[in-house]
Structures are given as structure tokens and as C-alpha cells.
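In this text the structure is predicted, and so the values were computed from the model without any measurement.
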Amino acid sequence: MSRPGFLLSAWPWRSVGYLLTGAVSGVLVLVGLVMLAVVGGALAVVLVGIPLLVVLALTGLPVAWVERRRLALVDLDPASDPHRTPAAEGLWPWLTTRLREQVTWRELAYTVLFSALLWPLDALVFTVALLFPVSMAATPLLMATIGGGRETKVLKHWTVTTWPTAFGVAVLGLLLLALGAYVLGAAAGARAELTRLLIADRDGDLGSRVVELSRSRVRLVDAFEAERRRIERDLHDGAQQRLVALTMTLGLARLDAPPGPLADQLAKAHDEAGGALAELRELIHGIHPKVLADYGLEAAVADAADRSVVPVDVELPLPGRFEQAVEAAAYFVVCEALANIDKHSGASRAEVRGGHAGGRLVLEMRDDGCGGADASAGSGLTGLADRVSVLNGRLSLSSPPGGPTLLRVEFPCEATELRAAAARFA
Amino acid sequence: MLLREGLVGLLARCGHEVVAAVGDAQELIAAVEEHGPDIVVTDVRMPPGFQDEGLHAAVQLRESRPRLPVLVLSQYVQRAYASELLDSGDGTGIGYLLKDRVGQVEEFVDALAEVAKGGMVVDPEVVRQLLRRRRDPLERLTPREREVLALIAEGKSNGAIARQLVVSEAAVGKHIGGILTKLDLPPADETHRRVLAVLAYLRA
């Protein structure tokens, strides 16, 4: 509108179109609403009116539908439909979905506002900013025709009797018309903005999309965890059992074989099978440690500490078990931290501390190593930070050059059943 | 399944009589009631849940029959499982071995015999892992004494330990004396003290 070509562009006409159609459709909506309310209210006594009142509550839907399309006249951004798709086919799911949506009621409010206040405003702006200047600009014409060249009334109010005045009014009318074009543009813009705010998909609905998005991330992580457990189980109950049976057979064969090249070959095969078994065991443990599933986080962390080359003190009194996803994420953070300490820190001692308080599970891994760890340097920590954030947890790392390094994670979670075995282990 | 059949064959081959081979924890308990075996060999993981039903069945059996020797096979080097088992009964007649060990037929059969006799056998892999833990009671032990204790945990006799460390049996005896003193285990029944030392070691 601030551009110089505004007056000559299509926008004043678009604005006029928007306001005019607004005024016309507003009248229709008002009539429709009043009729529905009166008939529905009257018939509500005999119950027939109740469906009509439901229809009344839903009048916002078609009105808003039309309004969103009308927005295209003055707003190049398409206004998307904020409604959700019902979960099932049919009238009843559709009706319950719509009635539960906040936006349905916002649309009804808009409809009432539209029929009571907005369309008269549309009409007023249209009249004042377009009809009045046009009628002023037409003064000489009116004087020449209806007034018979002697007199005419400007805006049906002021009498004009001389030609110079008539042309003066006409020039004033043209100036006002130019000014009116801006008023029309501004009014239509404001009106469209209000409509968009009330009935189009807006930032508030972004919230529900974000929720949906985080849910799908959680589902992904859950699926990922379930898959890990399945692989662990399959390897454990399949390949590993076969390998054990194989080593057993080879062991027995060695007992029977007379000393010689055959016995040597058997011994070699036996050792190889044993080595494969040991490797497979470590692999399975890395995929999903059984102790985590059976005894929980405390035992699993103690176990991880046992495996660490750097001596690790563990102090992790926990009140019970947590969600599988939380336990798994916490466990893998500890493992990653201990692996990093083994590999990079040069620490002589490390500790894992933590506990559960105020609805939060907190774990801190500390070492006396050289520091300088960087979570953003594409290490395993980045992936872990993602997993932690999916569970609304936080991961923070403090590792100044020269050390010490402190890695801290926390998860919002509640402890659940306490298994007798876990208690005994503690 | 596969493993069970293999084990039955192996035990029969080594001159043991297998009175029952069962598929889940309930059946295991029932079979022990029925046959009163000299030793029970079980997996940690068993149907129906494939969690640690076998281990729990073993602990349960030990509660009702503290002297029943039990050898538990596990897929994992896991202190948590070992602790639960070793705490059952009075700590005698217990074995906790990795499944891999079944392949070393002679070692396995020796361990089986040791457990059946009332000894305690802990898998070398578990022992090795525990060696990494340096906690108070064990910090007082010399490296050599720790080594000896580890071998005791594996179910080795004094003679076997002496051979493995290439020292005299008297020297082993001296180390054991040192261990028992440092772990604050006053003289009593010799076998029992060895078990208690291992328990102290494992729980440390």
C-alpha cells in the first residue's frame, strides 16, 4: 500500500470486492442465524429443535470456510483449514471431533461477531470511502442531467448551484476517492487480519503439531528400543544357543579323537568357536544388556562400572524402576561416558553419582582426566543428547581443558514397582 | 532345547545319570520334588518369560532345600545374577558358570563335581571382572593373595592352585591363611571359610 503504484493496482478493487462481499454475506449470515435461533429455540421445547441448535453451533464451519476463501481476495497467503480429520468415517465421529475442537467454537464466535458487527463496518467503510467520493465526483454530471443545469445536492445534503462549485466538488471527490482507496485497503487488510487471527490455522495450533511431533519421536525411540530387545533375544535364543551346542559337540569330539592332526584341527575349531561365542556375548551385551531389563538401572550401571578399565565408584541409590526408555537412555549415557573416559580422558578415577528426587532422575559422571571433551564435535554424545531430549531430559557437559570433566543428565520421570530382586541386589 | 539335549548327552557320556530334563521353571521345581537329584543344572533364562525364571527357580529351590547343589548357567558375566544366587542357602554347593564353559567338557564336568560335593564355583570371567573392582576389604590383600582368592572362587583345590601358580602347596596354604585373616574370618570349618572368603570377595 505504501508503494506508489497502489492506486493503479488491482488492490483497491480487491479491497472493495472483499468489503462488498463481506457486507452482503454478513447480511445473509445474520438472517440465517436469527432464523435458526428462533426456530431452534422455539422447537427446543418439543426436542425437534435440539438438532437445529446443534446446527446453529456448527454454523461457524461453513461461514468460516467461505471466509477463508474470501481472504484470497486481499491476502495472498492461503489460509489453511485448522480442523483435524476425524479419526473414523461417519457422521458421529465427525460431529464429536468438531464439537471437541477449540477452533469450532472460535469460528462460531467469529460468525456471531461477523453477523452483528463486522458486516455493518464493511458496509460503512465501503459507503464512506467509495460511494461518497464517487457521488461527489459525479456532481457535474448530476447537475447536468437531473438538476437541469441549475442545481443539485451533494451527498443529498448541500445544494450546489454554480458550475465552478460543481466542478470543485468533483475535484474534491476525486481526491477523496484516492484517499478512500487507501482507507479501503487499510480496512480490508485489518479485516482480513482479524479473520485470519480468529479462524485460520495459527501459531496456537502449532502447539498441537509440536506435541504430535514429539509423540512421534518418542514412538520412534520406543520402536528402536523394542527392536534392540528383539535382536538381543533372537541372537541369544538362536545363534548363541547353536554356537554353545557346537562348542559342546566339538569338546566331546576332542575327548574321543586320538592324538594326531585330527585332534589338532578339532582343538583349533573348538577354540575358534569359543572365541566366536565370547565375541557374540559382548555384542549381545552391547545391544541390550539383560541386567538392565531384569534388575534395572542401578545394577546395570554397577555392571558397566565393573567393565570399565578406569576404576569407577558408583553411588546411585534409586527408589525403584523407571520407564524402559528412560532406563535405556540413562544406561547408554553412562556407558558412553565411561567409554569416553577409558578412551580419551587419561583419568585415573571416575565416579557415577545420582539419584531420584522431585520427579527427576539425575546422573552425574565425573572423572579426573584431561578434560577438553566437546559434545558438539560429532562424538557419540550428540546422539545421546538427542535421545535424552526426546524424553524431555537434559544433558550437560562441563569439560574445561585440563579437566575435570563432568557429564550430567536428568530426566523427568517417576519410579515404579520395586522388584524384590533389585532390592536384594542393592 | 538344543543346549538341553546336548547337555543330557554330555552328562550321560561322562557317566552321570540324568533323571529329568525339563523345559521351564515350574517343571524344574516339580522335577526336583519328584526325583530329589544330587545336583540341579539350570539356565538363568527360561520360558515362559525368558527373563531370569531359571535363576529364580534355583533361588527358590535353595530356600526350601539349602543343601541342594545348584549349577546355574548364564549367558552373561553379571554380578547381579551371581550375587542373588550366592546369597541363597549358606553359600555351599553353588556354581555360576558362563554357558560357553559347557564346551570345555572336562572343566565343566570338574566344576559340576565340585558343586555336587558342596563346593563353590564361579566362572573365571566373572571373577576377572570382579578383580577390577578395588574395594576396601580386598584392598588389604596383596596381588598374589587376590590371585589365589580368584582361583579359589573358580573352585580349584590347594593342589590345583599351587600347580597353576607354580608354587608349593605350603605357599598356597600361607596365602590362604593371609586372606582369611585379612578378611576377618576366624578359624572354623576349613571348607566353609573358603566359601565365606569367596562370598566376601564377590560381595566386595
Under 4.5 Å, heavy atom to heavy atom: which of residues 354-367 of chain A reach chain B? Give them by number, or say none.
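Not one residue of residues 354-367 of chain A has a heavy atom under 4.5 Å from chain B.
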Please flag which part of [X] lies under 4.5 Å from any non-hydrogen atom of chain B: side chain, backbone, both or neither.
X: A:Leu243; result: neither
X: A:Arg254; result: neither
X: A:Leu250; result: neither
X: A:Asp256; result: both

To the nearest 0.5 angstrom, please state how far the CD atom of B:Gln104 sits from the CG atom of A:Asp271.
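Separation between the atoms: 8.0 Å.
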How about B:Arg163: does its CZ atom have over 12 heavy atoms from other parts shown lying under 6.0 Å from it?
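Count not over threshold, so no.
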Neighbour count >12 (heavy atoms, 6.0 Å) for atom CG, B:Asp38:
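Not more than 12 within 6.0 Å, no.
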Of the non-hydrogen atoms in A:Met248 and B:Val102, which two are nearest, and what is the gap between them?
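Closest heavy-atom pair between A:Met248 and B:Val102: SD-CG1, 3.0 Å.
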Nearest atoms (heavy-atom pairs only) where A:Leu252 meets B:Val105
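The pair with the smallest heavy-atom distance is N-CG2, 3.6 Å.
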Residues two or more places apart in sequence or in another chain: which of them pass salt bridge (Lys or Arg N to Asp or Glu O under 4.0 Å) with B:Glu33?
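Here the qualifying residues are B:Arg65.
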Should [X] and [Y] count as side-chain neighbours, where that means a heavy-atom distance under 4.5 Å?
X: A:Asp237; Y: B:Arg45; answer: yes
X: A:Gln240; Y: B:Lys99; answer: no
X: A:Lys290; Y: B:Val44; answer: no

